[in-house]
Structure formats: C-alpha cells, structure tokens
Number of protein chains: 2
Amino acid sequence: MKKPAIDAPDLADPAVAATPARKSRKGAGPTIRDVARMASVAPMTASRALNNPQAVSDEIRQRVLEVVERIGYVPNMLAGGLASKKSRLVAAVVPTITGSVFLEMVQALTETLGDAGYQLMLGQSGYQDSREDALLEAIIGRRPDGVVLTGTMRSEQARRKLLASGIPVVETWDLTPTPIDMLVGFSHERIGKSVAEYLHRRGRRRLAAISANDDRAVRRNKAFADAALALQPELAARGLEVPTWSVPAPTTLGSGRAGLRELLARDPSIDAIFCSSDMMALGVLLEAHASGIRVPEQLAVIGLGDQSFSADTWPPLSTVRIDGTAIGATAARCIITRSEGKTIADPVCDVGYIIVERSTT
Amino acid sequence: MKKPAIDAPDLADPAVAATPARKSRKGAGPTIRDVARMASVAPMTASRALNNPQAVSDEIRQRVLEVVERIGYVPNMLAGGLASKKSRLVAAVVPTITGSVFLEMVQALTETLGDAGYQLMLGQSGYQDSREDALLEAIIGRRPDGVVLTGTMRSEQARRKLLASGIPVVETWDLTPTPIDMLVGFSHERIGKSVAEYLHRRGRRRLAAISANDDRAVRRNKAFADAALALQPELAARGLEVPTWSVPAPTTLGSGRAGLRELLARDPSIDAIFCSSDMMALGVLLEAHASGIRVPEQLAVIGLGDQSFSADTWPPLSTVRIDGTAIGATAARCIITRSEGKTIADPVCDVGYIIVERSTT
DNA sequence: ATGAAAGCGCTAACAC
DNA sequence: GTGTTAGCGCTTTCAT
C-alpha cells in the first residue's frame with residue numbers, strides 16, 4: 001500500500017528539494033506541502049514548526065519560518081479545522097447590533113477572542129423568533145468552538161439542537177434558571193427591585209417606567225412595579241398601579257421622548273422614571289428640557305446600561321451600570337478554556353450591576 | 001487500487017443499508033455518509049439532494065430530506081468549503097464597533113449576507129495600524145469569499161497580501177483614488193465643501209469644526225475649512241483660520257461638550273459648528289443648553305451620520321446623512337455576485353450623501 | 001439521474 | 001525530533 005517512491009522521492013535530501021508540485025493547482029496560494037518542500041522537511045514537521053514550535057529543533061523552525069515569510073504562506077484554517085476539529089471560530093448571537101446596548105460585549109468578545117487566536121462570527125437573531133432556527137443551522141454548520149448567546153434561544157428545538165451539537169454555549173445578559181450550558185449574566189428581577197427601592201429612598205413617591213417589550217425588560221419591570229407597590233401599600237390600596245409605557249425593541253431616543261409625554265398625560269404626579277435604556281433616558285431628559293420640566297427637581301430619571309454618553313448628559317444621567325465588557329471577556333474566556341479541554345469550575349457567573357448615582361435622581 | 005468491496009458493499013441494496021459506520025467516530029454528529037446510508041443512496045447523491053435539488057429525482061430528494069430532518073444532520077461547512085473552495089464566509093473590518101457610525105453598515109451586511117446563505121466574520125482593526133496585519137492574517141486564513149474594509153488597509157504590506165490572496169475586496173466609506181478591488185463609498189472632500197457652502201448660504205459667517213483625528217475626518221475638515229475661507233476671502237485676508245477642535249477617535253458626547261467650550265473660549269464669535277459625528281453634535285447641543293446658548297439662533301450645529309436619535313434631539317439635529325444600510329447592502333451584493341463567478345459592471349459605487357436640514361441650522 | 005474515485009489542505013497517531 | 005500513514009467530511013470529476 002506504500003506509495004511508490006516516485007511520488008515524494010527526495011524529501012530527505014535538501015539538494016533535490018525542488019520537486020515540482022504534482023500539478024500547478026488552481027489559483028490558490030501555497031500550501032504547507034510547498035512550505036515543507038522548500039524547507040526540505042516533511043509537511044508534518046512544517047505544521048509543527050508553526051503550531052507547536054517547541055516540538056522541533058531550532059534550526060528547522062527557523063528554516064520553515066523563513067520560507068513561510070518569504071512565500072507569504074497563510075495556513076488554511078478550513079483544512080486545519082477539519083483535521084483537528086478545532087475551528088478557532090466563535091459565534092455570537094445578539095438580538096440586534098443597533099441599539100448599542102450589546103456593543104461593549106461584542107467589542108470585548110472580538111478582542112479577547114482575537115488575542116487568543118479566535119475569530120468572532122456575528123449573527124443577529126432579530127427580536128422575533130423566526131430567524132433563530134436558520135441562524136442556528138448556519139452557526140452549527142461552521143462547527144464553532146463555542147457559541148455566545150444574548151439571553152437564550154427561545155425556540156425549544158433550537159435549544160435541543162444546540163445542546164445535541166456538543167458545542168460549548170455561554171448564555172449571557174441574564175440569569176436563566178435552566179442554562180443550556182454556561183451562563184454569564186445578572187438578575188433582571190433584582191435590578192427592578194433595587195431601582196424601585198433606590199428611588200423610594202431618594203424620596204420619590206410616584207414611580208413610572210418606560211421599557212422595551214422584550215422578555216428581560218418585562219421581567220425587570222414587573223419586579224420594579226411589585227417592589228414599588230410593596231413599598232407603598234397605600235397606592236395599591238387606592239387601586240393604583242405603576243404607570244408603564246412599553247415600546248417595541250430596539251429602544252430609541254424618540255421613544256423616550258414620546259414615553260415621557262404619554263406617561264405625564266396619564267398621571268402628571270409622576271416624579272420618577274425608570275428607563276430600560278440610557279438612550280431612552282436621554283430622550284426623557286431632552287423632552288423634559290423641551291417642555292420646561294426640571295430634572296431632578298420635578299422629575300427623577302434613571303436609565304440602564306451606562307453607555308459612553310451617559311456621564312456627559314445634562315444633567316449627568318443616573319443609571320444602572322452593566323459591565324458589558326466583563327460579560328464579553330468572561331464569556332470569551334469560558335469558551336477558550338473549554339475548547340482547550342479544561343473544565344470550568346463554576347458554569348454560572350453573576351457579574352451583578354451597580355446603580356450609578358449621578359445628577360438626575 | 002479499487003477499494004475492496006467489503007468497505008461499502010451494499011449501498012445499492014436498500015434492504016442491507018444499515019451497514020455499521022466503519023467505526024463510531026469521535027463525539028461529532030452525523031455525516032453525509034450516515035445520511036446517504038440511511039437513505040440508501042451514494043453520499044454524492046445525498047449531497048446533490050441538499051445543494052442542487054433539481055438535479056435529483058423527486059423521490060430520492062424526499063427520502064434524503066426526510067433522513068436529514070430525522071437525524072438532525074447539519075452539513076459541515078468546513079469540509080464543504082475545503083472541497084468546493086467556497087467558504088460562504090465574508091469578513092468585515094471596522095475600526096471599532098463602538099461609536100456606532102458603522103453599525104448600520106454592519107447590520108445591513110449581516111442581513112444581506114445571511115439571506116444569501118453567507119455569514120459575517122467581524123474584525124476590529126482599532127484606529128492604530130498595529131493590529132491590522134495580524135487581523136488580516138486571521139482573515140485570509142479562513143479563505144473568506146470576500147472582505148469588506150472600512151476605509152482601506154493602511155499597511156502597504158497588508159494591501160499587497162490581500163491583493164495576492166485573490167479574495168474579492170470591497171473598500172467602503174470612502175472614495176480612494178486607487179482601490180484594491182471594488183469600492184462603495186462617498187467623497188469626504190465633497191461633504192466638507194458642501195457643508196461649508198450650506199452654512200454660508202444660511203447666513204453663518206464664522207464657521208468652526210469639531211472632528212475626530214482619523215484620516216477621513218481630517219480630509220473632510222480640510223475641505224470644509226478651504227471652502228469656508230474661499231467663500232469669505234476677508235477672513236483669510238485678516239489672517240484668520242477656521243477654528244478646529246480635534247479629538248481622538250472614537251467620538252463621544254463628552255468630546256462634543258468639551259469641544260464647544262474650547263472653541264467658544266478661543267473665539268466667542270463662532271456661529272456655526274460642523275461636528276464629525278452626530279453624537280458629538282448632540283454633545284454640542286447639550287452643552288449649549290447647559291450654558292444658555294440658543295440653538296439655532298446664536299449657534300448653528302450640524303452633525304454627520306444621521307443616527308437613529310438625530311431626528312429626535314432638541315432641537316432636531318441637522319446632519320449629513322450617509323446611507324450605511326445602502327453601503328452594507330451594496331458591498332454584500334458585490335461580494336455575492338463576485339463569488340458566484342460573475343463580474344461586477346462598475347467596481348466603483350458612489351452612494352453620495354444628503355444634507356438633512358432640521359432645526360439646528 | 002446516480003455512483004465511484006480522488007482529492008481539498010491539514011493534523012492526529014503512530015512509527016522510527 | 002522527524003517522518004509516514006491515514007483520514008477529517010465534503011465536493012469535483014468522470015463514468016455509467
């Protein structure tokens with residue numbers, strides 16, 4: 001079964017290394033066999049020189065690297081991934097990239113992964129479930145070394161497929177009770193409660209909320225409203241509820257402005273508003289300026305996300321800080337660790353949140 | 001050389017199709033051979049049923065699809081890409097994802113590509129050149145069907161490597177005189193000139209600019225300043241220049257606020273400011289409110305980008321609209337067309353820009 | 001319309 | 001340390 005010697009006759013002899021390629025291939029670039037031939041080593045040795053340098057002698061390593069540099073060889077990761085079953089690719093799914101709440105996380109992901117030699121594949125699920133299945137199929141097809149989900153997969157079938165694929169999964173931006181695999185997030189319920197308590201402590205007595213209508217925002221808001229009513233039983237006794245204005249995701253500055261108008265029309269006594277994004281909170285601020293409402297004297301405003309602009313609004317915006325960078329970096333590290341075959345000590349990581357008190361409350 | 005019959009003896013006989021796999025492979029999922037065996041066809045036929053449905057009989061197609069569905073087979077695109085030399089992966093490089101100016105484009109890219117069965121790989125070059133080479137190496141290694149660049153590759157070596165790789169390249173967000181391959185953008189010089197002329201036409205006589213310090217913004221600004229001085233030779237005669245405040249990218253709301261303070265301190269007679277991003281323009285607006293400067297009466301403000309919030313600021317922000325969605329969608333289509341082997345009629349596409357007049361000018 | 005053979009470019013596993 | 005062998009899972013090509 002041994003190949004006839006004519007096929008690779010002189011690999012061991014540097015002097016005769018210039019064996020012509022079997023056939024000048026398509027248009028593509030050089031392969032590792034070209035490198036090997038020109039460095040007078042076996043392809044496997046060239047591969048080692050690149051991927052596991054300390055496993056070859058200094059002299060050979062140098063020879064190989066010199067050739068690589070000279071002919072501009074770039075390893076084909078498709079082939080490498082197929083052979084080694086490591087694609088060095090990580091997929092991330094965000095509801096949408098506009099709206100910017102997840103940008104910090106995506107940025108941290110690209111960077112942390114990039115530094116470790118992995119690349120990020122980005123997918124947008126949209127806020128409706130329809131695209132999720134197709135997207136997941138495309139992702140699994142690439143055999144990524146990991147998948148980072150924002151929230152969780154809503155489709156039960158998608159969750160099963162993902163689990164069955166055996167790909168490490170990190171769900172983020174939430175603390176789901178039944179994670180698919182790993183989890184890096186925080187509790188939306190606790191945020192809602194904390195914000196209500198905080199505003200109450202600051203003397204506010206008529207709380208309201210402007211919120212996106214996605215699942216996480218809804219849960220946050222419910223906790224917010226529940227806590228507010230618990231703190232002021234008299235409101236509940238009078239049959240009052242916590243006024244809430246709900247907008248379809250993604251949230252915008254415009255929806256913040258509209259929300260304030262709407263809420264005030266419904267109940268002029270509102271003295272504090274919790275917005276489900278800083279951009280909406282900024283909208284509330286602008287609408288307040290535009291209609292002569294003083295912040296924070298007449299109205300307290302608190303956002304969510306601590307975006308890069310939030311400290312610089314006028315007045316500086318109080319907000320709930322979520323460390324997107326930490327989420328992204330942690331998620332990336334979880335996947336890198338896992339794909340190196342190690343196990344994660346604790347598959348659940350609560351990154352928490354901080355209420356950042358500035359001048360709007 | 002023909003393989004002994006024992007290796008795949010009964011493919012043609014449906015009744016004996018349950019030949020055990022040669023060896024229960026790793027942990028991975030089913031392969032096309034599993035599908036083929038279970039549908040009693042050759043692997044190649046199963047492949048055709050999936051990728052070229054009209055090439056197989058209805059009956060076989062149905063049998064194959066049924067098996068695929070039942071066992072949850074997801075084709076391995078690494079293997080497919082290796083064999084077919086089409087990865088169905090497109091890489092995009094943006095300076096940074098935060099700052100959101102490029103988000104619309106990235107969104108349009110993911111969507112347009114996704115609809116055509118391609119995925120987007122996202123890379124951030126940062127605003128300094130250092131990471132560019134490493135990033136490019138990682139990109140080429142994946143043998144993407146196309147690369148979308150924001151601006152161009154600054155490193156000459158990187159440009160050469162990219163060209164040599166033969167991968168279709170679309171440079172965007174600019175109109176460089178010597179494109180690597182294809183180009184979808186607009187002229188920064190023309191924008192600078194147009195804005196100066198527009199502000200002058202609106203009666204403004206002391207123009208200033210706040211701008212990022214990246215190459216494109218600098219060129220835009222130079223054209224802006226040149227045009228302003230050309231329109232008012234008397235300024236030049238008095239030795240005056242167009243006051244400019246330059247900030248490191250990415251631009252923020254805070255840099256807009258600081259910029260206004262700085263410029264006004266330098267020259268209180270400034271009556272119009274051109275900002276290199278809407279976020280900075282919003283900062284200028286806020287700073288103006290905070291210090292009692294009336295917009296547009298005392299100060300005109302115009303931004304760049306027409307972000308989703310821009311129409312809802314107070315007052316609504318005038319801006320230069322750049323159609324990021326069009327850029328992304330066009331770039332995606334260029335690459336898809338190219339990777340289908342067709343040629344692009346015109347490799348250069350100027351998407352232009354529009355000055356959106358709202359209330360701040 | 002369907003199938004068999006032969007790789008795509010790389011690396012795991014095992015020799016030496 | 002270094003080389004050889006045998007695939008990874010798919011598709012191209014050519015035969016039927």
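Source: prediction; values computed, not measured. Lettering of chains follows the sequences in order, A, B, ..., and the numbering in each one begins at 1.
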Trainee: Take the protein atom CZ of A/R88 and the nucleotide atom C1' of C/dC10, then report the distance between them rounded to whole Å.
Mentor: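 So the two atoms are 15 Å apart, to the nearest Å.
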Trainee: Do B/D58 and B/R63 sit within salt-bridge range, that is, some charged N less than 4.0 Å from a carboxylate O?
Mentor: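 Answer for the salt bridge query: no.
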Trainee: Residues from residues 70-82 of chain B sitting under 4.0 Å of DNA chain C, heavy atoms only?
Mentor: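 When residues 70-82 of chain B is checked for heavy atoms under 4.0 Å from DNA chain C, the hits, listed by number, are B/L82.
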Trainee: Can you tell me how far P of D/dG9 sits from CZ of A/R142, to the nearest Å?
Mentor: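 Going from CZ in A/R142 over to P in D/dG9 covers 17 Å.
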Trainee: Can you tell which of A/V147, A/D181, A/T176 makes a side-chain contact (heavy atoms from CB on, under 4.5 Å) with A/E171?
Mentor: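 Among A/V147, A/D181, A/T176, the one meeting side-chain contact (heavy atoms from CB on, under 4.5 Å) with A/E171 is A/T176.
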Trainee: State whether A/S57 places a side-chain N or O below 4.0 Å from either non-bridging phosphate oxygen (OP1 or OP2) of D/dT2.
Mentor: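 Checking D/dT2 against A/S57, a side-chain N or O does come within under 4.0 Å of OP1 or OP2.
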Trainee: For the CD1 atom of B/I139 and the CD1 atom of B/I167, what is their distance to the nearest 0.5 Å?
Mentor: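 Between atom CD1 of B/I139 and atom CD1 of B/I167 there are 8.5 Å.
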Trainee: Please give, in whole Å, the distance from C/dT2 P to B/L50 CG?
Mentor: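 B/L50 atom CG is separated from C/dT2 atom P by 14 Å.
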Trainee: Considering non-hydrogen atoms only, spot the tightest contact between B/M77 and B/S87 and give its length.
Mentor: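 Here B/M77 and B/S87 meet closest at CE-O, 4.3 Å.
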Trainee: Within the structure, does a side-chain N or O atom of A/K86 lie under 4.0 Å from either OP1 or OP2 of D/dC8?
Mentor: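 Answer is no, no contact under 4.0 Å.
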Trainee: Test your reading of the model: is there a side-chain donor-acceptor pair from B/T337 to the backbone of B/I344, 3.5 Å cut-off?
Mentor: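 No; judged by distance alone, with no hydrogens or angles, the pair does not exist.
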Trainee: Calculate the interatomic distance between B/M44 atom CE and D/dC14 atom C1'; express it in whole Å.
Mentor: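 It works out to 12 Å between those atoms.
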Trainee: Return the value, rounded to whole Å, for the distance between atom CG of A/D34 and atom P of C/dG9.
Mentor: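 That distance rounds to 9 Å.
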Trainee: Taking the minimum atom-to-atom distance to the side chain of B/K85, which one of C/dG9, D/dC8, C/dG3 wins?
Mentor: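 Nearest listed nucleotide: C/dG9.
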Trainee: Could you tell me the separation between the CD1 atom of B/I140 and the C1' atom of C/dG9, rounded to a whole number of Å?
Mentor: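 Those two atoms, CD1 and C1', are 17 Å apart.
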Trainee: Among D/dC8, D/dT11, D/dG3, which nucleotide has an atom closest to any side-chain atom of B/I32?
Mentor: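 Given the options D/dC8, D/dT11, D/dG3, the side chain of B/I32 is closest to D/dT11.
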Trainee: State whether A/S84 places a side-chain N or O below 4.0 Å from either non-bridging phosphate oxygen (OP1 or OP2) of C/dC10.
Mentor: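 It does not, given that no N or O in the side chain of A/S84 lies less than 4.0 Å from OP1 or OP2 of C/dC10.
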Trainee: Using atom CD1 of A/I60 as one end and atom C1' of D/dG3 as the other, report the distance to the nearest whole Å.
Mentor: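 After rounding, the gap between these two atoms is 10 Å.
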Trainee: Starting at CG of B/N52 and ending at C1' of D/dC10, how long is that distance when rounded to a whole Å?
Mentor: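 Distance, rounded to whole Å: 15 Å.
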Trainee: Do B/R48 side-chain and C/dG3 base share a donor-acceptor contact under 3.5 Å?
Mentor: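 Pair found.
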Trainee: Of the options D/dT2, D/dC8, C/dG7, whose atoms approach the side-chain atoms of B/A83 most closely?
Mentor: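 When the side chain of B/A83 is considered, C/dG7 is the closest of D/dT2, D/dC8, C/dG7.
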Trainee: So does B/K161 pair up with B/D133, basic N to acidic O under 4.0 Å?
Mentor: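 Looking at B/K161 and B/D133, the cut-off is not met.
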Trainee: Going by an N to O cut-off under 4.0 Å, is there a salt bridge joining B/D115 and A/R131?
Mentor: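 Result for this pair is yes, salt bridge flagged.
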Trainee: Taking only N and O in the side chain of B/S47, is any of them less than 4.0 Å away from OP1 or OP2 of D/dT11?
Mentor: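 Yes, because at least one side-chain N or O of B/S47 sits under 4.0 Å from OP1 or OP2 of D/dT11.
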